[in-house]
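Down below is the structure, laid out as structure tokens.
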There are 2 protein chains.
Amino acid sequence: MYHEEPKVQQNDLTVLRTSSLTGVIERELEHLILTGELKPGERLNEIQLSARFGTSRGPLREATRSLQAKGLVESIRNRGVFVRSVSPTEALEIYDVRAAIFGLAGRLLADLVTDQMLARLNAFLDQMDEIAASKNFDDYYPVNLAFHDYLVTSTGNATLVKEYKGFVNKLHLARARGLVQAGGLSVSNREHREMVDALASGNRERAQEAFFRHVERSKIRFRSTLNTGASA
Amino acid sequence: MYHEEPKVQQNDLTVLRTSSLTGVIERELEHLILTGELKPGERLNEIQLSARFGTSRGPLREATRSLQAKGLVESIRNRGVFVRSVSPTEALEIYDVRAAIFGLAGRLLADLVTDQMLARLNAFLDQMDEIAASKNFDDYYPVNLAFHDYLVTSTGNATLVKEYKGFVNKLHLARARGLVQAGGLSVSNREHREMVDALASGNRERAQEAFFRHVERSKIRFRSTLNTGASA
DNA sequence: TCGATTGCTATTGTAGGCAATAAACAATGG
DNA sequence: CCATTGTTTATTGCCTACAATAGCAATCGA
């Protein structure tokens, strides 16, 4: 008991010391947006939200400015701040840029890959195969996410990681957001194996192309579901 | 006289109507940072700057939050906001990501390229050859910039353009900033021709690789000037 | 009835003020 | 002489208050 108390308190203090109130609000808002509690197009009422967080409007406004720069909200003067709504066109653009960045991850990893890393990746593949076989698609999504996260993080390129995650977040604001996930669900694990095999070969260009194409195929799936006029 | 007065006033009003004071300050600060008037590591004094812009501290703080999200400044609680200083390591990371994005530009352009576009690009190449021959390096840099800008913009992918420019800006904050330019100066126009040729071939992968490698070579030049221990 | 105009209200934009913090310096003790 | 502790000051963090704006509804005139 005595050992935990100071630790917890120190954590709280550290949080308040490191990140300002603005930072806390920003993360909170980002969470609300990404979980869909604040939906695309919805206005962020300053008074209402600052009351909810128990602060004044100042820090909240600073937080929204930051989110605006990150592309999660847009601000219209004298009208307010709104959760961004990513159009299908922009979503397609983002898929391309994300493909390029993910491709870079493949290229970099081809030079960094170790046996240990390959073992970990194969474990991921097996796990996803298993889940896919059981048709338990709700379990597939998080593992798939962890797989991609592991790959991107393993490059050791912090700039790349940050960018990649930013785009993944933005895609959550795409209209017909469900389609983004739907596209991912039908991903055959074959593409993943191609990526891992390319890494194992140590061939930079091949790995880059495999990673790039994986995202491009997601894009194509996204687009085709769009055309069929499916709705949420 | 009478005809101009209202127009000027309307321009001012339009600017203030469209973008808030925060937006104006943000652009102004970004300019100060990128031109080097505010140097990496330097603190942005709120009182001083808000007095300079003739506003209160609120809008200024919002502007700096936005710049923070863009990676141009960093904020330390209770200490202030500082112009970011990009380490050599981070600069190398940025070069890689920029290469990936620029490579995507090449890939996209390979499918979009027209004779008219090729003519324009060849005009750029000739112009740069000319300048290089005259050894007037100060003229080379802006044309080189315009060349790259033209390429990126021609993709029609606004997300790509925004990202690319963001990274170019960030690289301006790299320590030994002169080296970034110095690296560019010695660029042989041959690389540029390779890029244009790749576009003319219409081969996606080839174009992507040519564009990618062009930036990678810049990175290598940057790194080598770093290792020789050259200083500003 | 319809359109324009004019007030009203909710909300954002900006300003300025007080409290809290950190860095620099002075004072004190060993 | 050095280390440590108290004090001062510049500066940031946050809040409250006021001004300005946009959207809306009611009113007025045709």
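Predicted, not measured: the structure shown is a model, and the values here were computed from it. Lettering of chains follows the sequences in order, A, B, ..., and the numbering in each one begins at 1.
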Presence of A:Arg77 side-chain N/O under 4.0 Å of D:dA22 phosphate oxygens OP1/OP2: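 For A:Arg77, the contact criterion (side-chain N or O under 4.0 Å from OP1 or OP2 of D:dA22) is not met.
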Phosphate OP1/OP2 of D:dG23: any A:Arg79 side-chain N/O under 4.0 Å: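 Yes.
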Interatomic spacing from OG in A:Ser154 to CZ in A:Arg120 - rounded to 0.5 Å: 9.0 Å
Separation of A:Leu38 CG from A:Leu72 CG (nearest 0.5 Å):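 Rounded to the nearest 0.5 Å, the CG-CG separation comes to 11.0 Å.
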Between [N] atom [atom2] and [X] atom [atom1], what is the distance in whole Å?
X	N	atom1	atom2	answer
A:Leu44	C:dG13	CG	P	12 Å
A:Glu46	C:dT14	CD	P	11 Å
A:Asn78	C:dT11	CG	C1'	9 Å
A:Ile47	C:dA10	CD1	P	10 Å
B:Ile76	C:dT21	CD1	C1'	14 Å

Aromatic ring pairing A:Phe147/A:His192, orientation class (parallel under 30°, perpendicular over 60°, tilted between): tilted
B:Arg107 to A:Phe212, cation-pi by 6.0 Å centre distance and 45° axis angle: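 The answer is yes, since B:Arg107 meets both limits relative to A:Phe212.
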All pairs passing salt bridge (charged side-chain N to carboxylate O under 4.0 Å, His left out) where residues 140-161 of chain A contributes a residue, at least two apart: A:Asp149-A:Lys165
Residues in contact with DNA chain D, drawn from residues 49-73 of chain B - heavy-atom cutoff 4.0 Å: B:Arg57, B:Arg61
Pair A:Lys170 + B:Glu163: basic N to acidic O under 4.0 Å: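 Judged by the 4.0 Å cut-off on N to carboxylate O distance, A:Lys170 and B:Glu163 do not form a salt bridge.
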